[in-house]
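Quick notes on the structure that follows.
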Amino acid sequence: MDNVFPVFDQILSRKEKEKMLGQRGCALWLTGLSGSGKTTLARHIEKRLAEKGCLTQILDGDNIRTGINNNLGFGKEDRQENIRRIAEVTKLFVQCGIVTINSFISPSQQMRDMARDIIGSDDFFEVFVDAPLDVCEERDVKGLYKKVRAGEIQNFTGIGAPYEAPLNPDIHVQTGKLTVDESVRHIIEVVMPRITFPASST
Ligand code: ADP
């Protein structure tokens, strides 16, 4: 069906909104095993960017699975639909000039490529939050690995279901080796030039 309300998107252009905010929108798509550090990094990145005056929105299981995607399960099709909707929501934020920080295991390259296609390659950073399985299992932040080993959870990513490491991530942080501060600093260093509004166009 044709979009009968196209004009409402165009009252203010993306560029005008970005000028208002003094920043450029983009998506930081954090991917990695459970316990690799996505949530921790998302929160620290948000704090660090807020200190620099940047507006962000974290999207994670807490606000997505309980809201817009509360009718989706964990079967193959629903996982795909989960990521598709997250990417579409992300695109809206990004086009409003907001830096979105996505924290989802997103285990397959195909899923992450779909997100990149929907959001647009120019606005998308694939951030590989990389800690080895044994480190994640040792941390066991949510007690999930213990449940997996006890046979209470099936098809857990990294054990019963595959995690495909990004082939060519835009940013790679080895959170098993770096501190949280070092990891955040590295990510901010890479993305800050992309977020900062060019002085000539303000
Ligand atoms: P995820 O969201 O990927 O499941 P969490 O952020 O919930 O992972 O848990 C990661 C745990 O690892 C936290 O307890 C965090 O303090 C710890 N950690 C240690 N080093 C790092 C690092 N460099 N980056 C992120 N987290 C780290």
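Only a predicted model underlies this, so the values are computations on that prediction, with no experimental measurement involved.
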Which residues pass the side chain to side chain donor-acceptor pair (under 3.5 Å) test with [X], not counting sequence neighbours?
X	result
Glu46	Thr56
Arg139	none
Thr90	Asn102
Glu137	Arg149

Could you check if a side-chain atom of [X] sits within less than 4.5 angstrom of a side-chain atom of [Y], using non-hydrogen atoms only?
X	Y	answer
Ile188	Lys52	yes
Arg14	Cys96	no
Arg79	Leu72	no
Val127	Leu41	no
Gln80	Gln110	yes
Met20	Leu12	yes
Asn63	Gln57	yes

State plainly whether the residues [X] and [Y] are in salt-bridge range, i.e. N to O under 4.0 Å.
X	Y	result
Asp60	Arg65	no
Glu189	Arg185	no
Arg48	Glu51	yes

Could you state whether [X] and [Y] fall into the same hydrophobic cluster, counting links through intermediate Ile, Leu, Val, Met, Phe, Trp or Tyr residues with side-chain heavy atoms under 4.5 angstrom apart?
X	Y	value
Phe128	Val191	no
Ile153	Tyr145	yes
Ile171	Ile101	yes

By side-chain contact (heavy atoms from CB on, under 4.5 Å), which residues pair with [X], not counting sequence neighbours?
X	value
Thr179	Asp181, Glu182
Thr157	Leu33, Ile105, Pro107, Tyr163
Leu92	none
Gln154	none

For this session: Check the surroundings of atom CE in Met192: do more than 12 heavy atoms from other residues, nucleotides or ligands lie under 6.0 Å from it?
Result: yes
For this session: Step through the shown structure and confirm whether more than 12 heavy atoms of other residues, nucleotides or ligands are within 6.0 Å of CD on Glu77.
Result: no
Given 3.5 Å as the limit, does a donor-acceptor pair link the side chain of [X] with the main chain of [Y], or not?
X	Y	value
Thr175	Ser36	yes
Arg24	Glu18	no
Lys146	Asp140	no

Exercise. Applying salt bridge (Lys or Arg N to Asp or Glu O under 4.0 Å), which residue pairs with at least one partner in residues 81-106 are found, sequence neighbours left out?
Worked result: Glu81-Arg84, Glu81-Arg85
Exercise. Could you state the interatomic distance from CG (Leu28) to OG (Ser103), rounded to the nearest 0.5 Å?
Worked result: 11.5 Å
Exercise. Ring pair (Phe, Tyr, Trp, His ring centres under 6.0 Å) with His186: which residues, sequence neighbours excluded?
Worked result: none
For this session: Go through the structure and list residues passing ring pair (Phe, Tyr, Trp, His ring centres under 6.0 Å) with Phe125, not counting sequence neighbours.
Result: none
Seminar exercise, completed: Exactly one candidate in Asp123, Asp122, Asp170 meets salt bridge (Lys or Arg N to Asp or Glu O under 4.0 Å) with Arg116; the answer is Asp170
Exercise. Apart from Leu21 itself, which Ile, Leu, Val, Met, Phe, Trp or Tyr residues share its cluster (side-chain heavy atoms under 4.5 Å, direct or through members)?
Worked result: Trp29, Leu55, Leu59, Ile64, Ile68, Ile83, Ile86, Val89, Phe93, Ile98, Phe104, Met111, Met114, Ile118, Ile119, Phe124
